[in-house]
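For reference, the structure discussed in these notes is given below.
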Amino acid sequence: MQYLPNIIFALALILGFGYFAKNVKKIIRNIKLGQDVDVSDNKSERFKNMARIALGQSKMVRRPVSGVLHIVVYVGFIIINIELLEIIIDGLFGTHRIFSFLGSAYGFLIGTFEVLAFLVFISVTIFWVRRNIIKLKRFWKSEMKGWPKNDGNFILYFEMVLMSLFLIMNATDVHFQAMNSGNVISQYIAPLFSGLSETTLDSIERGAWWLHILGILVFLNYLYFSKHLHILLAFPNTYYGKLKPKGQLNNLEAVTKEVKLMMDPNADPFAAPEEGAEDEVPAKFGASDVQDLNWVQLLSAYTCTECGRCTSACPANLTGKKLSPRKIMMDTRDRLEEVGKNIDANNGEFKDDGKQLLGDYITHEELWACTTCNACVEECPVSIDPLSIILEMRRYLVMEQSAAPTELNTMMTNIENNGAPWAYNQMDRLNWKDE
Amino acid sequence: MSDLLKVPTMEEFMAQGKQPEILFWVGSAGSFDDRAKKISRAFVKILNKANVDFAVLGTEESNTGDIAKRAGNEFLFQMQAVTNIEVLDAYGIKKIVTCDPHSFNCLKNEYPGLGGVYDVIHHTQYINELIASGRLKVEGDLYKGKKITFHDPCYLGRANNEYEAPRDVLKQTNAQLVEMKRHKRTALCCGAGGAQMFKEPEKGDKDVNVLRTEDALETRPDIIATGCPYCNTMMTDGVKAKEKEAEVEVLDVAELIANTLNL
Ligand code: SF4
Ligand code: SF4
């Protein structure tokens, strides 16, 4: 009987990490539904970007208030989790504060954790106020209703509760308080519990301890359903982020082959099939669903923090148009999840559900409102490129469906016929010099 | 005045067996749009003044295909690109200057993938080079005491990280440079990019160019400086929409320099 807590603890760990691992596998599988893209180049530059942008949070601090608060929460949360090691050992072996033999070093460590926990609590509270009382515009856009809105708040509540539990656990730990070392914050909470018997204090301490570790496990598994996944995926995403100049959009290779063939007077139109280039049969041009996007774009969809920095810089959105780059990323993730569930329900194979990203999630109107200005790409703190998805879908609309707005069709016909977007004669191209 | 404008073509250079220092890529707007044609002329005046040995392709130039690409028509883009690359390579072109950031970006970043590799420079960068190397001396107080605010073109700024060259050039006019709240990497688009120039905007509360013009007007400028023919049109329209055309002028960096030099 006396080993019961240890066994329950071990089970909770296994369950918690097991379920998490299962969902991680699912995410990886879903991301791999995307098209292949070669991102094996420039490893050192990629590492530098990851270190600077994800680890160093360089783009977060461009907005100083949220940037600094975010760093506090980020650093605090990571460092406090060192404490997890002790919790796990104590839990598995029934020890109590196994590292306390370190003496003053232990006091220093826990003291640091307490200060950080306090700062995290304060920061998270300010975040909550910004979202719910000051109502910062970017958190109240039309795509931020329902789950996305709640999700943002749930994360904040979670962190408030976890930090409180950590401090309460310390405050009610009679032995720890008696050490009088490291209880820098909890000593001020301890008086709240004064007058309680030692057994009551002990049960509160145990309760807080259990809720704290279980809370962490639940939070870990919450990530999968949440925008909070970015705490993990920000790293690979910044690593694989775009290195080329922002203005450079990829040249579609399948198109190049066809164009070269069309333009080459020596090309033998009957030669192609003999080369046995079976896989060169043009795929779909552009993207209408998530599987047509590349895997980095799908990874980005899972990484998006829904912070809306992109949207708040988007000229189309700022002028009241339907386009929101954040929504493009959220839609991509939602659809990808839907496709993933479809695959799970059909023994590993996707059954056509009559839906797709284009049209059912993202409308033509949104796509055509984009000025390709790259403001969203510039703003994103985790190196997401919403513009690349918009462009792929425009490509599908134009090359597969000829569904461009009429004025654009006129413009394109003009380029085809006159080499200019207007209906002028190419022979008049130098007239300007004499006018 | 136009008889002063020397605009030799590549064909003429070829006939004399010579290579120009640079090719001036005029671009579709610079060739056909009435407002942008003035920018082309101003830039040529500067080139003439600095004795730059340059040429244009003239009737052999065709649209870069950039707008088609951004609209999603990769086929049309690549057809245009391959055709242009053939012409450029036939002439052995190495260095290209253009007043259009969209052509600049497209030639610089997208043509190499299709085999067209050139040293591509935006005209503000080139003017800056001419000044730095002492080939062009900008003197004149035409704009002294005036306030100029520069609107960063997306395809020069964010897309290619060039923020300083146009500002360095503008300093030569002795005017006072004032920055808009959104400038450099946070600059707001003029609303023309991504083929928006050629269609009606989607429904919204206002047009992008009007919002951007409001940004500019907040600095109480005498002149809004641009470095892109499309931005120029958009800002000019914005100023008109705000009924400020009597007080505020929209001019390209090249025009400001040409005017300062009284060309
Ligand atoms: S590139 Fe498109 S989506 Fe991104 S900010 Fe500009 S207009 Fe908005
Ligand atoms: S794409 Fe980037 S900037 Fe936009 S909401 Fe997602 S994380 Fe934030």
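Chain letters run A, B, ... following the sequence lines, proteins first and then strands; every chain starts at 1.
Only the side chain of B:T9 comes within contact range of chain A, with at least one heavy atom under 4.5 Å from a heavy atom of that chain. When heavy atoms are compared at a cutoff of 4.5 Å, A:W368 approaches chain B by way of both its backbone and its side chain. With a threshold of 4.5 angstrom between heavy atoms, B:V7 approaches chain A through its backbone and through its side chain. For A:A404, no part lies under 4.5 angstrom from a heavy atom of chain B. B:R182 touches chain A through its side chain: at least one heavy atom from C-beta onward sits under 4.5 Å away, while N, CA, C and O do not. Both the backbone and the side chain of B:F75 come within contact range of chain A, judged by heavy atoms closer than 4.5 Å. Contact of A:N414 with chain B is not made at all, since no heavy-atom distance falls under 4.5 Å. Interface remark: B:K108 contributes no atoms to any contact with chain A (heavy atom separation under 4.5 Å). Looking at B:A36, neither its backbone nor its side chain comes within 4.5 Å of chain A, counting heavy atoms on both sides. Both the backbone and the side chain of A:I415 come within less than 4.5 Å of a heavy atom in chain B. With a 4.5 angstrom heavy-atom cutoff, B:E110 touches chain A via backbone and side-chain atoms both. Interface remark: A:M411 contributes side-chain atoms only to the contact with chain B (heavy atom separation under 4.5 Å). Heavy atoms of A:N317 lying under 4.5 Å from chain B are absent altogether. When heavy atoms are compared at a cutoff of 4.5 Å, B:N73 approaches chain A by way of both its backbone and its side chain.
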### Query
Step by step, would you call A:M399 with B:E74 a side chain to side chain contact (heavy atoms under 4.5 Å, CB included)?
CA-CA 8 Å; A:M399 291 192 285; B:E74 184 74 6; 3.6 Å; yes
### Message
Quick one, B:V208 with A:T319, criterion side chain to side chain contact (heavy atoms under 4.5 Å, CB included). Give me CA distance, side-chain angles, the key distance, then yes/no.
### Response
CA-CA 6 Å; B:V208 176; A:T319 51; 3.6 Å; yes
### Query
Between A:E258 and B:M79, does a side chain to side chain contact (heavy atoms under 4.5 Å, CB included) hold up when you go through it step by step?
CA-CA 10 Å; A:E258 293 206 10; B:M79 297 280 277; over 6 Å; no
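Annotation: the span from B:D207 atom CG to A:K321 atom NZ amounts to 5.5 Å, rounded to 0.5 Å. Atom-to-atom distance recorded for A:R429:CZ and B:S28:OG is 4.0 Å, nearest 0.5 angstrom. Here the straight-line distance linking atom CE of B:M234 with atom OG1 of A:T371 works out to 9.5 Å at 0.5 Å rounding. Taking CG of B:N105 as the reference point, atom CG of A:L249 lies at 7.5 Å (rounded to 0.5 Å). Distance check: A:K244 NZ to B:N109 CG gives 10.0 Å after rounding to the nearest 0.5 Å. Separating the SG atom in A:C370 from the CZ atom in B:R70 is a distance of 10.5 Å, to the nearest 0.5 Å.
Ranking A:A369, A:P405, A:A420 against chain B, the residue ahead of the rest is A:A369, based on heavy-atom pairs under 4.5 Å. Ranked by non-hydrogen atom pairs under 4.5 Å with chain A, the options B:Q80, B:K69, B:E60, B:K203 are led by B:K69. Put simply, of B:G27, B:G58, B:G113, the one with the most heavy-atom pairs under 4.5 Å next to chain A is B:G58. Ranked by non-hydrogen atom pairs under 4.5 Å with chain A, the options B:Q78, B:R212, B:K37, B:K38 are led by B:Q78. When each of A:E416, A:M393, A:R395 is scored by its heavy-atom pairs under 4.5 Å with chain B, the top score falls to A:R395. Interface summary for chain A: among B:A195, B:C106, B:S40, B:C190, the most heavy-atom pairs under 4.5 angstrom belong to B:S40. The greatest number of non-hydrogen atom pairs below 4.5 Å with chain B, out of A:L397, A:L430, A:L408, is found for A:L408.
For the side chain to side chain contact (heavy atoms under 4.5 Å, CB included) test with A:W432, the passing option among B:D34, B:V44, B:D33 is B:V44; the others fail.
The two residues B:F198 and A:P421 make their nearest non-hydrogen contact at CE2-CB, 3.4 Å. Nearest heavy-atom pair, B:D205 versus A:G320, reported as atom, atom and distance to 0.1 Å: OD2-CA, 3.4 Å. In this structure, A:A313 and B:L188 approach most closely via the heavy-atom pair O-CD1, 4.3 Å.
At least one side-chain heavy atom of B:R185 sits under 4.5 Å from a side-chain heavy atom of A:E379. Side-chain contact check for A:K433 versus B:R41: every heavy-atom pair is 4.5 Å or farther apart. Looking only at side-chain heavy atoms (C-beta outward), A:Q426 and B:E61 stay at 4.5 Å or farther from each other.
Residues passing the side chain to side chain contact (heavy atoms under 4.5 Å, CB included) test with B:A81, sequence neighbours excluded: B:F77, B:Y111, B:L114. In terms of the salt bridge (charged side-chain N to carboxylate O under 4.0 Å, His left out) criterion, B:D237 has no residue partners (sequence neighbours excluded).
A salt bridge is absent between B:E202 and A:K322: the closest approach of a Lys/Arg side-chain nitrogen to an acidic carboxylate oxygen does not fall below 4.0 angstrom. Salt bridge A:E378/B:R158: absent, no basic N to carboxylate O contact under 4.0 Å.
Within a 6.0 Å radius of NZ in B:K199, other residues, nucleotides and ligands contribute more than 12 heavy atoms. Heavy-atom neighbours of B:E11 CD from other residues, nucleotides or ligands within 6.0 Å: at or below the threshold of 12.
A donor and an acceptor atom, one from each side chain of B:N161 and A:K246, are nowhere located under 3.5 Å apart. No hydrogens or angles considered: nothing links the side chains of A:R62 and B:T186 as a donor-acceptor pair under 3.5 Å.
Using a distance-only test at 3.5 Å, with no hydrogens or angles considered, a donor-acceptor pair links the side chain of A:T372 to the main chain of B:G194.
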